[in-house]
Amino acid sequence: MPGQKTPYYITTPIYYVNDVPHIGHAYTTLACDVLARFMRLDGRDVKFLTGTDEHGQKVEKSAQAAGVDPQSFTDRVSQNFRNLSPVLNFSNDDFIRTTEERHKLACQALWKKLLDNGEIYLGGYSGWYAVRDEAFYTESELTKQPDGKRIATASGAEVEWVEEPSYFFRLSAWQDRLLAFYEANPDFIAPETRRNEVISFVKGGLKDLSISRTTFSWGVPVPDDSDHIMYVWLDALTNYMTAAGYPDVESSDYSTYWPADLHMVGKDILRFHAVYWPAFLMAAELQTPKRVFAHGWWTNEGQKISKSLGNVIDPLQLVETYGLDPVRYFLLREVPFGNDGDFSRRAIVGRMNGDLTNDLGNLSQRVLSMIAKNCENAVPAPGAFTAEDEALLALSGGLPDRLREEYAVQAFNKALEATWDVIGAANRYVDDQAPWGLKKTDPERMKTVLYVLAETVRRLAILTQPVMPDSMAKMLDQLSVAADARGFESLATPLEAGAPVPKPEGIFPRYVEENPESA
RNA sequence: GGGGCCGUAGUUCAGUUGGUUAGAACUCACCGCUCAUAACGGUGCUGUCGCAGGUUCGAGUCCUGCCGGCCCUACCA
């Protein structure tokens, strides 16, 4: 193939191994997966990274409690996150673990660069520290308990007084340059409302950032000072560059994929990605990522999700109950990406039966059935197109550009809405043209109508692959579309007459509530 | 304390730079069709656009205040 593919590097956050995977993790990675698949189908050179954050005091303590060394402990629990990929059909190209040697090298290289540039100095830190939250708190953020112990008011985590020497990053010196950076790169932070928050935070003044610890040892050692390990966020954020080959800035991986096109994050960790990360990178004279998107949270049947409420949603359970593709579809269709959303049984069943079974599934089923029954199990050869035929084909023909626009700004719900507009138009076209009537009055016209519909279904299936890869593969199988003819470049090559179309089987079975009366 | 967001049909939400009778989906009712997973199509129903003022020839759409919900951030040890 002549010409170079445009690279697209997309990352999820690295997930803290001490957690059990929940819907939030699945949601973030799913969003990235859909973008990665879309870009691949659109001919881009995609690198899609996810992984686990394995350092920190919490992990060290958990390992201790489990009676194993931290490395064995993380080897085991990080598997929980790797297991997500096969079940949810994530297509990540790499899975990084912060305990890998390549990552240690990257972190230390970045550290040295910052040190050489005069961006790091040795100081001291003291304050109330909560191991569970891995955060310092001011006295005012604490509540004194009857037994004299202090807990963080917001999280309930116990705190202890900590005094230690610490290296600091001169974050305070970057305030103006960060603001200038946001100004010059208006698309760097999305959605808009988060961008406002970040800018307001930076305008409020930045303090130098403590970036090392001496009170525990499970982390990347600070170069030339073995008493210190690196603070979790400097360690964690660097993963994005590690996976792109850093510190080998001459490598083809690095020159191809860095800077990343998109860091996908939950809204809780936006600040680290939108403030600290670009500051670190600018201070090290490295390129900053192009965009950070902070998505929202899910509630469960209107309730805030929390471990103490016991209403945490297990993604594996979800897939078992509703099926993989319906879950993938629902999570991205139901909520404008960036907003919080509510996961309810009623809502997902409504989407499944309404959008998938009735609209899309039934469209392909009725079209393919008619072809199988009336055209000798093969795509018919069309005659001349009427204005109605052209109109429908033009609608699906305009869809790729529309989707490119929406996916470029991570507007999954709008992309799917636009797709379903075409599905609706196709169903309307079936009723208008009534091919079952043409069977007797004008069989040639019937063939043309069915051809137009088959071609429409083909295009819809190709374009919906990123969201529902398995189901759309089935649909394309039923149309006998070759495996190597399913990229977006194939949209321009219409369906060939004569392709076999056997009697189809339903792709989206109706979901019947086991107990519709409850609730 | 500072900053940001939101409050629109029963429900979930759209509503660009202010401009004719405020839209969609779902639900519901009726009609049509019968190819299809009792699926599809058509028609119809409901809204003081949180409240009160203001700017304007004209405001859901701008300004002020208030009420209600949410978020970021600071501080009061």
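Please read these numbers as outputs of a predicted model, since none were measured by experiment. The figures that follow rest on heavy atoms only: side chains count, while hydrogens, waters and symmetry mates do not. A, B, ... follow the sequence lines: proteins, then strands. Residue 1 opens every chain.
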For B:C33 and B:A52, measure between their P atoms and round to the nearest Å.
50 Å
Rounding to an integer number of Å, can you tell me how far A:L331 CG sits from B:U12 P?
19 Å
Scan A:G361 against the nucleic acid and name what it touches under 4.0 Å (heavy atoms): base, sugar-phosphate only, or nothing.
base
Mind calculating the distance between CD (A:E417) and P (B:G23) to the nearest angstrom?
17 Å
Scan nucleotides 41-45 of chain B against the protein and return all N/O pairs shorter than 3.5 Å with their distances rounded to 0.1 Å.
residue, atom, partner, partner atom, Å
B:G41, O4', A:D431, OD2, 2.8

So OG1 of A:T464 and CG of A:L416: to nearest 0.5 Å the spacing works out to 7.5 Å
Side-chain contact check for A:W436: nearest option of B:C33, B:G4, B:U37 is B:C33
Could you pick out which residue, A:K207 or A:K267, lies toward the 5' side of RNA chain B when each is mapped onto its nearest nucleotide?
A:K267
How about CD on A:E496, more than 12 heavy atoms from neighbouring residues, nucleotides or ligands closer than 6.0 Å, or not?
no
How far does the C1' atom of B:U8 sit from the matching atom of B:U48, given to the nearest Å?
12 Å
Please report the distance separating the C1' of B:A74 from the corresponding atom of B:G4, rounded so that it comes out in whole Å.
15 Å
Please measure how far the C1' atom in B:C31 lies from the corresponding atom in B:C67, and state the result in whole Å.
46 Å
Polar side-chain atom of A:T52 near backbone of A:I14 as donor-acceptor pair, under 3.5 Å
no
Pair A:D431 + A:R366: basic N to acidic O under 4.0 Å
yes
Gap between atoms CG and P, on A:L416 and B:C26 respectively (whole Å)
16 Å
Please determine, for the side chain of A:R510, which listed nucleotide (B:G3, B:U37, B:C40) has the closest atom?
B:U37
Out of B:C35, B:C71, B:U37, minimum distance to the side chain of A:E197 belongs to B:C71
More than 12 heavy atoms of other groups within 6.0 Å of A:K290 NZ:
yes
Checking A:D421 against A:R402 for the salt bridge (charged side-chain N to carboxylate O under 4.0 Å, His left out) test, could you report, in this order, the C-alpha distance in whole Å, the side-chain angles of both residues, the deciding distance, and whether it holds?
CA-CA 12 Å; A:D421 283 346; A:R402 181 69 199 288; 5.1 Å; no
Just the rounded figure in Å: distance from P of B:C40 to CH2 of A:W420.
13 Å
With a 3.5 Å cut-off and no angle check, do the side chains of A:N89 and A:R37 form a donor-acceptor pair?
yes
Applying the 3.5 Å cut-off to both distances, the Watson-Crick or G-U partner of B:G7 turns out to be B:C67
Could you tell me how far apart A:L363 (CG) and B:C33 (P) are, to the nearest whole angstrom?
21 Å
If you measure from the C1' atom in B:A29 to the same atom in B:G50, how many Å do you get, rounded?
31 Å
Now, which nucleotide makes the Watson-Crick or G-U wobble pair with B:A38, with each of the two distances under 3.5 Å?
none
Rounded to whole Å, CD of A:E192 lies from C1' of B:G3 at a distance of 15 Å
Pair assignment for B:C76, Watson-Crick or G-U wobble, requiring both distances under 3.5 Å
none
Can you tell me how far C1' in B:G58 sits from the matching atom in B:G44, rounded to whole Å?
31 Å
If you assign each of A:N339 and A:N374 to its closest nucleotide in RNA chain B, which residue comes earlier from the 5' end?
A:N339
Pairwise C1' distance, B:C72 and B:G60 [rounded to whole Å]:
27 Å
Classify the nucleic acid contact of A:G506 as base, sugar-phosphate or nothing, counting any heavy atom under 4.0 Å across all strands shown.
base
May I ask you to check whether over 12 heavy atoms, not counting those of A:R346, lie within 6.0 Å of atom CZ?
no
Please classify the nucleic acid contact of A:L368 as base, sugar-phosphate, or nothing, using heavy-atom distances under 4.0 Å.
nothing
G-U wobble or Watson-Crick pairing nucleotide for B:A24 (cut-off 3.5 Å, both distances):
B:U12
As its Watson-Crick or G-U partner within any shown strand, both distances under 3.5 Å, B:A59 has none
Check every strand shown and say whether A:S369 touches a base, only sugar-phosphate, or nothing at a heavy-atom separation below 4.0 Å.
sugar-phosphate
If only side-chain N and O atoms of A:K373 are considered, is one of them under 4.0 Å from the OP1 or OP2 phosphate oxygen of B:A36?
yes
Are A:R345 and A:E301 ion-paired here, with the side-chain N under 4.0 Å from a carboxylate O?
no
Nucleotide forming a Watson-Crick or wobble pair with B:A29, both distances under 3.5 Å
B:U43
Roughly, in whole Å, what's the span from OH in A:Y429 to C1' in B:A36?
17 Å
Can you tell me how far P in B:G19 sits from the matching atom in B:A59, rounded to whole Å?
11 Å
Given A:V312, A:L318, A:L316, the one that forms side-chain contact (heavy atoms from CB on, under 4.5 Å) with A:D314:
A:L316
In whole Å, what is the span from the CZ atom of A:R333 to the P atom of B:A14?
12 Å
Scan A:N362 against the nucleic acid and name what it touches under 4.0 Å (heavy atoms): base, sugar-phosphate only, or nothing.
base
B:U37, OP1 or OP2 - any side-chain N/O from A:N358 closer than 4.0 Å?
no
